[in-house]
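Since we're looking at a predicted model, the values are computed, not measured.
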Amino acid sequence: MEDISVQEGRRRVQAGALLVDVREPNEFEEIHAEGATLIPLSEFESRFAELPRDRELVMICRSGARSARAGEYLEFQGYAQVVNVAGGTLAWVNEGLPTETGPQVRQ
């Protein structure tokens, strides 16, 4: 699985990729990348099928380790378009990219 920069991650999300945050709900509510979908790593094996197979998935967590594990799991499950944000949410915030707080808003 490819590691990409936060800038590349944002570019891919703007182009239609789905940003998937695998941190726990309390971490997500504190701060998360704008537009991220939350599927906590603790629930990932039971919920990964919610993710589309026909869309690129950009995985993110706090620093990049948990999202890398989740992305590798997705690849093992047959997902072909999965990348990991190197540095995670910490790097996203440090680069000044758009963030949100609070729980995920269902659309």
On a heavy-atom basis, the closest approach of Ala33 and Trp92 is CB-CE2, 3.4 Å
(request) Would you check if there is a donor-acceptor pair between the side chains of Thr101 and Glu29 at a distance under 3.5 Å? (result) no
Contacts of Glu43 meeting salt bridge (charged side-chain N to carboxylate O under 4.0 Å, His left out) (sequence neighbours excluded), chain-then-number -> Arg47
Interatomic distance, CG@Leu97 vs CD@Gln7, rounded to 0.5 Å, equals 6.0 Å
Is there a side-chain contact between Ile31 and Val93 in this structure, where contact means two heavy atoms from C-beta onward sitting under 4.5 Å apart? yes
Nearest heavy-atom approach of Ile39 to Glu50 is CD1-OE1, 4.1 Å
Donor-acceptor pairs are to be reported for all side-chain atoms of residues 78-90 against protein atoms at under 3.5 Å, with residues two or more places apart or in another chain.
residue	atom	partner	partner atom	Å
Tyr79	OH	Phe48	O	3.1
Tyr79	OH	Leu51	O	2.9
Asn84	OD1	Ser67	OG	2.5
Asn84	OD1	Ala68	N	3.4
Asn84	ND2	Asp3	OD1	3.0
Asn84	ND2	Gly64	O	3.1
Thr89	OG1	Cys61	O	2.7

Open item on the list: Between Met59 and Leu57, is there a side-chain heavy-atom distance shorter than 4.5 Å?
Closed with: yes
Side chains of Pro25 and Pro40: closer than 4.5 Å at any heavy-atom pair?
yes
Output for pair (Arg10 CZ, Ser5 OG), nearest 0.5 Å, gives 12.0 Å
Closest non-hydrogen contact found for Val58 with Ala17 is CG2-CB, 3.7 Å
Looking only at heavy atoms, the pair that brings Asp21 and Ala36 closest together is CB-CB, 4.2 Å
For the pair Arg12 and Glu2, evaluate salt bridge (Lys or Arg N to Asp or Glu O under 4.0 Å) and give the outcome as yes or no after the intermediate values. CA-CA 13 Å; Arg12 291 185 187 202; Glu2 180 184 3; 3.8 Å; yes
Residues His32 and Gly102: closest non-hydrogen pair is CE1-O, 3.2 Å
Practice problem: Determine, step by step, whether Val22 and Phe28 satisfy the side-chain contact (heavy atoms from CB on, under 4.5 Å) criterion, reporting the C-alpha distance in whole Å, the side-chain angles of both residues, the deciding distance to 0.1 Å, and the verdict. | Solution: CA-CA 9 Å; Val22 299; Phe28 186 87; over 6 Å; no
_Flag, side chain of Arg55 to backbone of Gly16, donor-acceptor distance under 3.5 Å_ = yes
Is there side-chain contact between Arg69 and Phe44, with heavy atoms separated by less than 4.5 Å?
-> no
Is it true that Glu30 and Arg62 have a side-chain N and a carboxylate O under 4.0 angstrom from each other? no
Rounded to the nearest 0.5 angstrom, the CG-CG distance for Leu38 and Leu19 is 11.0 Å
